[in-house]
Amino acid sequence: METVELTTLVRAGGCAAKYPAARLETLLAGLVPAEADDLLVGLDPADDAAVYRLDDDRAIVFTVDFFPPLVDDPRTFGAIAATNALNDVFAMGGAPLLALSVTAFPEELPVELLGEILAGADERVRAAGAILAGGHTIRDSEPKYGLAVVGTVHPEHIWPKSGARAGDVLLLTKRLGTGIVLQGERDGVAPAGALDAAVESMLELNRTAADLLRPFEPNAVTDVTGFGLVGHMHEVASRSDVRAVVETAPLPVLPGALELARAGVKTGGDRRNREFVAAHVDSTVSEEWETIAYDPQTAGGLLVSVPAERAAVLEATFAAAEVPIARIGSIEDGVGVALR
């Protein structure tokens, strides 16, 4: 099979290619949400996925996510893109059932490359307990791949972004820094092993973390992706009418990410994330820690707001299962996000 460096074909890869959040807010503000009693989660407000109630015990979770390549290996790219899409269902408290590929691919590239992308995606879909059942492919000058995913959730056990309460503890299940590490690799300055650690993280489904979290009935959950930790934290705080206080000292960070941040490495998504949310952030931290907080993530971890009285047992449960989780802050009365 012909070797093609996929990342040379795109301007931005992974979730760093997301449309700016500030523009999305303006766009969605002009759309009138559908009036349907059984549409439990739609555009008012938007969340990680839409949720539609079928009956008293079942609701469907539906999401779509795709992006250009962020690594050169096609199988790894397909697997990361699939993980990123599947994780939206886990972030809603659901379980994926069925996935369809969403593909754009240059006609002049070897078809075997696309086969590898699909094979990587299929492996992650199976690992999530779902089935890859088809999809749609168009010709495009820039390759893109992702999934439309359908899952199920109990209507009374949906995890929204909008449920955080004062007194809650904030926790995060994955390390930050995927965008910085990928940019550092493109710039030729990433430390040895940094890319491998980032890829390993991006390939990790949030399935196990969600299963461990479910008995603790969290108040709010989202997955940290293209808008960065601070952008997604702002969504939780603003939709819950609370203030989120994030401590940088316990933030879990990928190997090499802080070193690259100190060296001034940033993605284009960093600037767009700051334009979206900086006016709502009270920061007293150094520039490198702000860079970590604004860094766009791909297939990031779950950001969890849980009542404080449940936090210690939750952390012990994760530790016993050898699944990482870090206590990174708290929820208070007020507005905005504080970085301390």
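Keep in mind that this is a model prediction, so the values were computed, not measured. All residue numbers in this chain count up from 1 along the given sequence.
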Less than 4.5 Å apart, side chain to side chain, heavy atoms only: is that true for [X] and [Y]?
X      : Y      : answer
Thr317 : Phe216 : yes
Pro252 : Ile328 : yes
Val153 : Met92  : no
Ser238 : His280 : no
Thr7   : Glu185 : no
Thr225 : His232 : yes
Thr173 : Val323 : no

Over 12 foreign heavy atoms within 6.0 Å of [atom1], [X]:
X      : atom1 : value
Arg214 : CZ    : yes
Ile131 : CD1   : no
Glu309 : CD    : yes

Next on the checklist: Is the ring pair Phe67/Phe77 parallel, tilted or perpendicular, if the boundaries are 30 and 60 degrees?
Outcome noted: tilted
Item to check | Donor + acceptor pair across side chains of Asp48, Thr222 (<3.5 Å) | outcome: yes
Checklist entry - Any luck finding a side-chain donor-acceptor pair between Asn87 and Asp223 under 3.5 Å? => result no
Check side chain to side chain donor-acceptor pair (under 3.5 Å) between [X] and all other residues, then give those that pass, not counting sequence neighbours.
X      : value
Asp37  : none
Asp241 : none
Thr76  : Asp73
Arg239 : none

Heavy atoms only: give me the nearest [X]-[Y] pair and the separation to one decimal.
X      : Y      : answer
Phe318 : Ala209 : CZ-O, 3.4 Å
Val306 : Pro218 : CG2-CA, 4.3 Å
Ser240 : Ser162 : OG-C, 3.0 Å
Val242 : Ala166 : CG1-N, 4.2 Å
Gly167 : Ala308 : O-CB, 3.3 Å

Next on the checklist: Let's go through Leu97 and Thr152 carefully: what are the C-alpha distance in whole Å and the side-chain angles of both, what is the deciding distance for side-chain contact (heavy atoms from CB on, under 4.5 Å) to 0.1 Å, and is it a yes or a no?
Outcome noted: CA-CA 7 Å; Leu97 290 178; Thr152 59; 3.3 Å; yes
Next on the checklist: Can you confirm if the aromatic rings of His234 and Phe227 lie within a centre distance of less than 6.0 Å?
Outcome noted: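 Not close enough - the centres of the two rings lie 6.0 Å or further apart.
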Checklist entry - Linking Ile, Leu, Val, Met, Phe, Trp and Tyr by side-chain heavy atoms under 4.5 Å, what else ends up with Leu100? => result none
Item to check | Fellow cluster residues of Val245, listed by chain then number, with links counted only when side-chain atoms sit under 4.5 Å apart | outcome: none
Next on the checklist: Between Asp295 and Lys266, does any NZ, NE, NH1 or NH2 come within less than 4.0 Å of an OD or OE carboxylate oxygen?
Outcome noted: no
Rounded distance (nearest 0.5 Å) linking atom [atom1] of [X] with atom [atom2] of [Y]:
X      : Y      : atom1 : atom2 : answer
Met233 : Leu170 : CE    : CG    : 4.5 Å
Arg124 : Leu203 : CZ    : CG    : 6.5 Å
Ile180 : Leu260 : CD1   : CG    : 7.0 Å
Glu107 : Leu114 : CD    : CG    : 12.0 Å
Leu339 : Ile292 : CG    : CD1   : 11.5 Å
Thr63  : Asn84  : OG1   : CG    : 9.0 Å

Checklist entry - What pairs meet the ring pair (Phe, Tyr, Trp, His ring centres under 6.0 Å) rule with one or both residues in residues 157-210, with sequence neighbours excluded? => result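 Passing the test, one end in residues 157-210: His154-His157.
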Quick one: list whatever passes salt bridge (Lys or Arg N to Asp or Glu O under 4.0 Å) with [X], sequence neighbours left out.
X      : answer
Glu315 : Arg327
Lys144 : Asp140, Glu142
Asp55  : Arg58
Lys174 : none

Item to check | Path from Val169 to Val230 over hydrophobic side-chain contacts below 4.5 Å | outcome: no
Checklist entry - Should Trp289 and Val253 be marked as a side-chain contact (heavy atoms from CB on, under 4.5 Å) after you check the CA-CA gap, both sets of side-chain angles, and the distance that decides it? => result CA-CA 10 Å; Trp289 278 111; Val253 181; 3.7 Å; yes
Checklist entry - Checking side-chain contact (heavy atoms from CB on, under 4.5 Å) for the pair Leu147/Ser101: CA distance, chi angles, key distance, verdict? => result CA-CA 5 Å; Leu147 298 176; Ser101 291; 4.2 Å; yes
Checklist entry - Under the criterion salt bridge (charged side-chain N to carboxylate O under 4.0 Å, His left out), which of Glu288, Glu287, Glu290 is the partner of Arg262? => result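 When Glu288, Glu287, Glu290 are each tested with Arg262, the salt bridge (charged side-chain N to carboxylate O under 4.0 Å, His left out) holds only for Glu288.
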Next on the checklist: Restricting to side-chain contact (heavy atoms from CB on, under 4.5 Å), what partner residues turn up for Pro250, sequence neighbours left out?
Outcome noted: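 Result, side-chain contact (heavy atoms from CB on, under 4.5 Å) vs Pro250: Glu247.
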Next on the checklist: Run the side-chain contact (heavy atoms from CB on, under 4.5 Å) test on Leu251 and Leu176 for me, step by step, so that the C-alpha distance in whole Å, both residues' side-chain angles and the decisive distance to 0.1 Å come before the verdict.
Outcome noted: CA-CA 8 Å; Leu251 284 182; Leu176 301 167; 4.2 Å; yes
Item to check | Flag, side chain of Gln297 to backbone of Thr178, donor-acceptor distance under 3.5 Å | outcome: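 Confirmed, Gln297 side chain pairs with Thr178 backbone.
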